[in-house]
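This report concerns only the one structure given below.
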Amino acid sequence: MPSGSDTTAEAAGGTAPGGSVPPTATGDTGDARRPGRARRLAALARREAPRTGLAVVAGLALGLAFPPYGVWPLSLVAVAALSLLTRGRTARQGAWTGFAFGLPFFLLLLKWLHVIGWDAVVGLSVAESLFVLLMGAGLALTSRLPAWPVWAACLWVAQEWARDRLPFGGFPWGRLAFANTGSPFTPLAALGGAPLVTFAVALAGGLLAACAATLWGLRGNGSVRRAVPALEAFGLAAAVTLAGLAVPVPTKADDSVDIAVVQGNVQQPGMDFLGRPMQILDNHATATEKLADDIKHHRAKKPDLVIWPENSSDLDPFQYPQAYDRIDAAVKAIGVPVLVGALVDHPTKPGYVFNEGIVWDPRTGPGASYTKQHPVPFGEYVPFRAELSKIITRFQRVPRDFYPGDHTGLLKVGPARLGDVICFEVAYDEIVHDTVDAGARALVIQTNNATYGRTGQPEQQLAMSKLRAVEHGRAVVTAATSGISAVVAPDGTITHQIPEFTQGVVSARIPLRDETTLADRIGAAPEWVLAIVGLLSCGAAVVSGRRGRTKDEKGQQ
């Protein structure tokens, strides 16, 4: 990075008539260098300020592409802007631009965490932005290679691959694919899952950047012939954007089942949504019994099964007889199996609990269950609890750690073979893929978003359900304690929905499908290939740069 000042030792300390520099004391040298360093930093800040400001604006634009705003074309604009801002820069400059882009993006995207504390918003945003910082360095390096929009798109996939896994199992919120769950890119999920959607969005954005860069280079000295590369880049961007419309999204049902989704509601949003013990359980039991009464009096059709959300029982039914009896009474009243969400104490490890979905039969009671495999760090368990709790007393509000499950959520609920996925697990490709691969004919997302009610987080999570429906060709049923409960068809269309903080029941007939998509069959292969290509392109850029410098040095000799 070029410095902002040409200050030298001679200029700082003066030169003797004979040309030698008189010696100075150590303290004097430091005093002389400090103003020079300050001037260089000030010049650097002035020089980078416009680019940094544009990166911040681009990051905010990407945030607006996601729910609850949902302006998906801004994802293309933001990717194109970051490509232009890092083009031709050094790796260090690209890294800074990437961070300046990533931080405001994540602050806007994750502001729903302010319910826990703004320090949580800032801390997680900074951590996630470090991945974008590395990507920014890679974008700068590869911008000098031929076909650079392709390598840039691969680097977007690599960045999301890393965030999906690191640290503590990763946090994949904010993937480009999740901003494009209702766009022309969406059908591509059926071919290569969320990674392919991200790649296509990033490639289209990079091609738009290439078009803009070419047109900018022609200003004042352009011709139709010299503008052809710009037109080609724009045409390719349009083709990539519209390619998904040619992808068939299979929706034909092999069978169907009538379901009812119960949203019992909570008394208040936020950290203290639980209220008094048994309150949330009673809400769901009461709503189920009301549905049973409507069926009895022919005001509603009897479903084949009922789905309750995550944490619909706020007490362990195996430890508290009153909770067991309340669930059992509601299930017997409706007369069909109910998938119940409950926190269950670990039988051998005091202080640990299972976050479970339990199949409750009206005749035989509780049976098969699924335990959440990916508890949320610092929300459902606290890493390094003994040490961190002394520093951050808020962690004491997570009194027990959730213990992860060790198998997929394939459950037989009445006549249906359903795949249970609990809350944030919908964001993780491998968990949903493994559930479908195990034989799930439809997907159920049991969730409890009451803590983040009316913050935009439920809309972001519902968008992921839409993408998963297309990716796996399965109906997706989202059951939430306080909303948004919804039914998503295999083509990603929301067919039924209950607003937030409303007690209600959704009754729907959902398709059960056995056919798998190409994305199901190839699994994570596209993500790995694209991510590796992105990393290799960075290596190629470094090698190419060294060869260029070597040739220059030989030419000077």
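Excluded from the calculations below are hydrogen atoms, water molecules and symmetry mates; all remaining heavy atoms, backbone and side chain alike, are included.
- Residues Phe318 and Pro366 form a side-chain contact, since some pair of their non-hydrogen atoms from C-beta on lies under 4.5 Å apart.
- Here the side chains of Val477 and Ile510 are in contact, with some heavy-atom distance below 4.5 Å.
- Checked for salt-bridge contact, Asp361 and Lys332 miss the test: no charged N lies under 4.0 Å from a carboxylate O.
- Ion pairing between a basic and an acidic side chain is recognised when a charged N comes within 4.0 Å of a carboxylate O; Lys372 and Glu380 show such pairing.
- Between Tyr403 and Tyr381, a ring centre-to-centre spacing not shorter than 6.0 Å is recorded.
- Contact annotation: the side chain of Thr517 never approaches that of Arg474 to less than 4.5 Å [non-hydrogen atoms, C-beta and beyond].
- When all heavy atoms are compared, the tightest approach of Ala442 to Pro511 is CB-O, 4.2 Å.
- A side-chain N or O of Ser256 and one of Arg509 form a donor-acceptor pair less than 3.5 Å apart.
- For the atom pair OG of Ser312 and CD1 of Ile280, the computed distance is 9.0 Å after rounding to the nearest 0.5 Å.
- In summary, Glu527 and Arg165 engage in a salt bridge, as defined by a charged side-chain N under 4.0 Å from a carboxylate O.
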Item to complete: Please lay out, stage by stage, how Asp514 and Arg417 fare under the test salt bridge (Lys or Arg N to Asp or Glu O under 4.0 Å).
Response: CA-CA 10 Å; Asp514 295 311; Arg417 196 166 65 244; 3.6 Å; yes
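- Ring to ring, Tyr324 and Trp360 are close: their centroids are under 6.0 angstrom apart.
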Discussion item. Run Arg163 and Glu128 through salt bridge (Lys or Arg N to Asp or Glu O under 4.0 Å) and show every step you take.
Written reply: CA-CA 7 Å; Arg163 287 201 300 109; Glu128 295 297 295; 2.9 Å; yes
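- Aromatic ring orientation, Trp173 versus Phe424: tilted (interplanar angle from 30° to 60°).
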Discussion item. Apply side chain to side chain contact (heavy atoms under 4.5 Å, CB included) to residues Leu443 and Val436 and explain how you reach the verdict.
Written reply: CA-CA 8 Å; Leu443 292 168; Val436 174; 3.9 Å; yes
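- Between Gly439 and Leu410 the shortest heavy-atom distance is C-CD1, 3.7 Å.
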Worksheet item: Hey, mind stepping through Thr447 and Gln461 against side-chain hydrogen bond (donor to acceptor under 3.5 Å, both in side chains) and telling me if it holds?
Response: CA-CA 9 Å; Thr447 186; Gln461 191 171 321; 2.9 Å; yes
Worksheet item: Which is it for Asp255 and Arg513 under the salt bridge (Lys or Arg N to Asp or Glu O under 4.0 Å) test, yes or no, and what are the steps along the way?
Response: CA-CA 7 Å; Asp255 199 357; Arg513 303 190 70 254; over 6 Å; no
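- For Ala202 against Ala153, the heavy-atom pair with the smallest separation is CB-CA, 3.7 Å.
- In this structure, Phe354 CZ and Lys349 NZ are separated by 9.5 Å, a value rounded to the nearest 0.5 Å.
- Rounding to the nearest 0.5 angstrom, the gap separating the CD1 atom in Ile307 from the OG1 atom in Thr288 is 11.5 Å.
- When all heavy atoms of Glu515 and Asp254 are compared, the closest pair comes out as N-OD2, 3.9 Å.
- Once rounded to the nearest 0.5 Å, the distance linking CZ of Arg175 with CG of Leu467 reads 8.0 Å.
- A heavy-atom distance below 4.5 Å is not found between the side chains of Gln159 and Leu134.
- Ring geometry, His284 versus Trp308: the interplanar angle falls from 30° to 60°, so the pair is classed tilted.
- Phe185 pairs with exactly one of Val197, Leu196, Thr198, Leu242 by the side-chain contact (heavy atoms from CB on, under 4.5 Å) rule, that one being Val197.
- In Tyr352, the OH atom is not crowded: 12 or fewer heavy atoms of neighbouring residues, nucleotides or ligands sit closer than 6.0 Å.
- A donor and an acceptor atom, one from each side chain of Thr286 and Asn283, are nowhere located under 3.5 Å apart.
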Listing, residues 59-73 side-chain donor-acceptor contacts under 3.5 Å, not counting sequence neighbours, or none:
none

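- Atom NZ in Lys466 sits 5.0 Å away from atom CD1 in Ile494 (nearest 0.5 Å).
- The aromatic rings of His472 and His433 sit tilted, their planes meeting at an angle between 30° and 60°.
- Annotation: the span from Leu113 atom CG to Gln457 atom CD amounts to 8.5 Å, rounded to 0.5 Å.
- Enclosure of atom CZ in Arg299 by more than 12 non-hydrogen atoms of other residues, nucleotides or ligands within 6.0 angstrom is indicated.
- Leu339 is not listed as a side-chain neighbour of Leu305, based on a closest heavy-atom distance of 4.5 Å or more.
- Side-chain atoms of His374 and Ile431, non-hydrogen and from C-beta on, do get closer than 4.5 Å to each other.
- Although no hydrogens or angles enter the test, the distance criterion places a donor-acceptor pair under 3.5 Å between the side chain of Lys412 and the main chain of Gly414.
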Discussion item. Determine whether Thr408 and Thr435 satisfy the following criterion, side-chain hydrogen bond (donor to acceptor under 3.5 Å, both in side chains), listing intermediate values before the conclusion.
Written reply: CA-CA 5 Å; Thr408 61; Thr435 304; 5.3 Å; no
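- The shortest non-hydrogen separation linking Pro337 to Asp304 is CD-O, 3.8 Å.
- Taking the side chain as every heavy atom from C-beta outward, Pro184 and Thr186 never approach each other to under 4.5 Å.
- Checked by atom type, the side-chain pair Thr481/Glu310 shows no donor-acceptor distance below 3.5 Å.
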